[in-house]
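A short worksheet on the structure shown next.
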Amino acid sequence: MDYLWIFVLLILGLFMIIKPELLWKIENFLSVKGGKPSDFYLASMRIGGAFFTICAIAVLIYVLVTA
């Protein structure tokens, strides 16, 4: 249970890479009607998602090796 945040980070990172458009809709569903995310937003979300995924995998490997 202590390492649940690793899996949350991994799932969030993968979600940011695969479906950044849906995350934009979730973030802006009350403030923007019928809008679309910019190309910069999509690119930065995918970069952030890759970073989250790499960090989660690295921490998971570290935890498994030191356990």
[X] [atom1] to [Y] [atom2] distance, which is reported to the nearest 0.5 Å:
X   : Y   : atom1 : atom2 : value
I54 : L10 : CD1   : CG    : 11.5 Å
E21 : K19 : CD    : NZ    : 6.5 Å
I17 : I47 : CD1   : CD1   : 10.5 Å
M45 : F52 : CE    : CZ    : 8.5 Å
R46 : T53 : CZ    : OG1   : 12.5 Å

Are F51 and I11 connected, step by step, through hydrophobic side chains (Ile, Leu, Val, Met, Phe, Trp, Tyr) whose heavy atoms are closer than 4.5 Å?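 No, it is not one cluster - the side chains of F51 and I11 are not joined through contacts under 4.5 Å.
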Joint hydrophobic cluster, L14 plus Y41, side-chain heavy atoms closer than 4.5 Å: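 No; tracing contacts between hydrophobic side chains, which count when under 4.5 Å, never links both residues.
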Using the rule side-chain contact (heavy atoms from CB on, under 4.5 Å), only one of L9, I6, V65 pairs with L60; which is it?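 That would be I6; it is the only one of L9, I6, V65 passing the side-chain contact (heavy atoms from CB on, under 4.5 Å) with L60.
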Side-chain touch Y3/V59, heavy atoms, less than 4.5 angstrom: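 No, their side chains stay 4.5 Å or more apart.
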For a 4.5 angstrom cut-off between non-hydrogen side-chain atoms, does L22 reach F15?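 Result yes, sub-4.5 Å side-chain heavy-atom pair found.
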V32 vs W24, side chain to side chain contact (heavy atoms under 4.5 Å, CB included): CA-CA, chis, key distance, verdict: CA-CA 10 Å; V32 178; W24 186 86; 3.8 Å; yes
